[in-house]
Amino acid sequence: MTQQAQRRPGPLRALGLVAAASLVAAGAAGTARAADEPLPVTITGEDRVDLSLGSGDDSPEPQIDLRLNVPGEEFEGDGVVPPVFTGDYTIRIDATGLEGVASVDLPCDVDGLVATCTGWELYAGQQYNRVGKIRLDVDDDSEAGDSGSIKVTGEGEGLDFTPLDIDVLVGGPEFLNHTLPLPGDLKAGDTYKAPVGLRNVGTLPAEGAVLRFHGSRGVSFPDSFGNCAYSEVTTGPLLRQGTDVICTFPDTIEAGAAYALAEPLKVGTADFALRDIFTYSFTAVPPDEADGLREGKEYRQGNGVDLELRQVSDADPADYTRYAELDLPLKNTYDLELTGASLDAGAGDTVTAEIGFRNNGPAWISALRSGGEPFSFTVKVPEGATVTKAPEKCRETTLAEDEKGYRCWVSTPLLEDAEFTYPFELRVDRVVENAKGEVALPDSGDPAESDRANNSAWIVLNGPDEQTDGGTGQNGGGATPSASPSPSPSSSSGSGQDGGTGSSGSGTNGTSGGVQGGLASTGAGGTALIGGAALLTLGLGAGVTVLLRRRGRRTGGAIA
């Protein structure tokens with residue numbers, strides 16, 4: 001069976017009755033349309049696999065991930081994913097062309113070298129239309145130059161399938177990439193000169209090569225080469241922003257030979273860059289097939305001289321690896337700051353304490369290695385008060401010594417000028433003079449954090465007229481009495497990443513208009529701050545969403 005879309009628990013409760021009805025209608029409409037005119041379905045996956053006769057593929061993962069691409073925009077949001085087609089369909093994977101060439105591990109119902117997968121529902125896009133994965137390996141019958149193919153076809157009433165042919169070559173050209181030395185003294189704003197190169201460790205020459213390199217948001221490539229095409233993404237999710245480049249080289253790449261660029265590749269870093277990613281790889285794809293690598297992105301052709309490859313005679317085989325990437329730069333700092341609130345209220349009054357959070361830069365927190373993992377800060381409630389409405393991105397929790405409080409989440413990537421407001425609605429049950437509740441970030445231990453003195457602040461109720469904390473002389477400003485607090489948390493000047501949806505850097509959160517999104521908690525790494533906060537995310541999960549609204553920057557705040 002095909003792997004269908006994962007259902008979220010609950011009967012569409014996140015969507016509401018109106019949305020649920022619209023989804024049902026959408027599914028029915030998709031089926032009706034397919035009955036009148038066949039719905040086009042494209043079978044997608046790797047269309048070429050080169051198998052090494054030497055050490056073999058050092059990754060245990062399948063090389064081919066088969067999916068079905070259906071017209072329409074992929075569903076984004078909570079609730080059950082609405083199908084655009086319902087009805088039986090069959091996918092047939094025929095690998096008989098690889099008999100005597102390579103061993104094959106097929107998904108679904110397998111009979112020899114043929115597999116049959118069946119399904120019932122199809123969804124817009126390809127994310128939820130999983131067919132299965134195929135693993136290929138050389139065996140005792142495999143010889144250099146052997147080739148074959150896998151043919152994947154589909155059929156179903158009301159569907160028009162575009163098949164997929166997967167070419168497999170044994171012992172062909174196989175490229176390893178020159179390792180990238182770590183530039184320990186590189187600072188934000190500097191240019192790294194990357195020693196880009198390759199070695200053909202295969203048994204056959206390659207009819208040309210394609211170089212692909214990528215830089216995340218804080219990385220740029222100042223040169224424009226005539227044989228390279230550039231795609232720059234500056235909007236949408238921050239995790240996907242950056243520059244992709246594809247360069248073609250028509251000359252033969254001899255087996256056993258090493259090559260390097262005629263001059264190191266210049267890799268620029270922005271003033272806000274910190275642990276941004278630069279990566280590159282060579283593939284044995286003929287230049288006339290490079291268009292197939294563009295993945296639907298728009299590219300512009302370079303307008304300078306061509307980038308050239310030159311053969312290297314004294315290359316050390318130990319200097320080449322399958323994956324070549326670096327985090328650039330390692331030297332930069334950011335400054336996270338919390339601001340508190342100070343206000344007076346009588347018994348029975350309801351007031352709003354607006355907690356401020358901002359990144360004073362100069363660096364952003366990319367969290368690229370963790371895929372946008374959130375971190376948190378804690379909020380203690382002043383004695384005599386009760387929280388009647390917490391920000392949407394804050395949840396009640398138990399703090400140290402069984403003390404109740406709140407944990408608030410900050411999504412990453414976090415821009416270098418990000419600033420948010422977290423309004424807490426408080427009801428004063430009884431007046432306690434100078435009642436305090438601490439707001440604090442955990443000690444991440446990240447050396448990139450330049451000022452930890454402003455990582456905590458206070459909510460003060462009914463304190464002295466000029467309430468100060470720790471002798472700083474700063475009051476707890478940023479709070480105003482209110483019976484109807486605004487949506488929370490709110491975005492002030494600057495911008496940040498909201499739950500993985502990203503930011504264009506224009507002061508909006510996510511895509512244009514401040515799109516609401518869910519938190520991502522995927523993996524470890526990124527920064528020490530992010531890694532240290534990973535354990536704190538486990539109790540909350542990844543389903544929290546937040547609405548960020550623009551606000552003017554708050555000044556003042558009781559700093560612990």
Side-chain angles (χ1 to χ4, degrees), residues 6 69 72-78 81 123-128 212-220 230-245 270 272-279 294-299 325 327-328 334 359 361 363-375 392-393 409-420 489 491 494-527 529-530 533-534 537 541-550:
Q6 297 180 355
N69 194 3
E73 294 191 9
E74 292 181 349
F75 177 76
E76 295 183 2
D78 295 324
V81 182
Y123 308 89
Q126 64 178 7
Q127 177 180 354
Y128 301 108
R212 305 175 71 180
F213 52 94
H214 167 80
S216 60
R217 175 176 174 265
V219 169
S220 62
Y230 298 78
S231 176
E232 298 171 356
V233 179
T234 59
T235 60
L238 290 172
L239 286 173
R240 299 178 184 175
Q241 291 186 25
T243 304
D244 289 288
V245 185
F272 62 80
L274 175 63
R275 304 182 186 116
D276 278 80
I277 294 178
F278 163 64
T279 181
R294 299 197 175 191
E295 301 174 346
K297 296 180 180 178
E298 294 185 2
Y299 284 77
E325 60 180 25
D327 291 352
L328 301 172
Y334 59 84
N359 180 12
W364 75 319
I365 298 178
S366 65
L368 297 172
R369 296 296 182 183
S370 67
E373 188 174 44
F375 61 94
E392 193 172 341
K393 211 171 183 181
W409 301 89
V410 180
S411 300
T412 61
L414 184 71
L415 290 181
E416 58 277 9
D417 59 354
E419 182 171 1
F420 310 127
S491 174
S495 55
Q497 165 88 348
D498 179 13
T501 61
S503 169
S504 65
S506 63
T508 61
N509 200 38
T511 55
S512 61
V515 177
Q516 183 171 343
L519 286 176
S521 180
T522 54
T527 66
L529 169 66
I530 305 304
T537 69
V544 182
T545 57
V546 59
L547 178 65
L548 299 182
R549 180 172 58 83
R550 305 287 299 171

*List in chain and number order the residues that pass side chain to side chain donor-acceptor pair (under 3.5 Å) with Asn69, two or more places apart in sequence or in another chain; answer none if no residue qualifies.*
none
*asked:* I'd like to know if the side chain of His214 and the backbone of Thr243 have a donor-acceptor N/O pair within less than 3.5 Å.
replied: yes
*Listed by chain and number, what are the side chain to side chain donor-acceptor pair (under 3.5 Å) partners of Gln127, not counting sequence neighbours?*
none
*At what distance, to the nearest 0.5 angstrom, does CZ of Arg217 lie from CG of Leu239?*
11.5 Å
_CZ on Phe375 to OG on Ser370, rounded to 0.5 Å_ = 11.0 Å
*Hey, what do you get for CD (Glu392) to CH2 (Trp409), rounding to the nearest 0.5 Å?*
15.5 Å
_Glu298 side-chain N/O to Ser231 backbone N/O, donor-acceptor pair under 3.5 Å_ = no
*Give a yes or no answer on whether the side chain of Ser411 reaches the backbone of Pro374 with a donor-acceptor pair at less than 3.5 Å.*
no
*Asp276 pairs by side-chain hydrogen bond (donor to acceptor under 3.5 Å, both in side chains) with which of Ser220, Ser366, Ser216?*
Ser216
*Stepwise side-chain contact (heavy atoms from CB on, under 4.5 Å) test for Phe420 and Leu414*: CA-CA 11 Å; Phe420 310 127; Leu414 184 71; 3.7 Å; yes
_For Ala273 against Gly218, the heavy-atom pair lying closest together_ = CB-O, 3.6 Å
*State the CD1-CG distance between Ile365 and Leu274, to the nearest 0.5 angstrom.*
8.0 Å
*Not counting sequence neighbours, which residues clear side chain to side chain donor-acceptor pair (under 3.5 Å) with Glu74? List them please.*
none
_Keeping Asn359 on the side-chain end and Leu415 on the backbone end, is there a donor-acceptor pair under 3.5 Å?_
yes
*asked:* Rounded to the nearest 0.5 Å, what separates atom CG in Asp327 from atom CD1 in Ile277?
replied: 5.5 Å
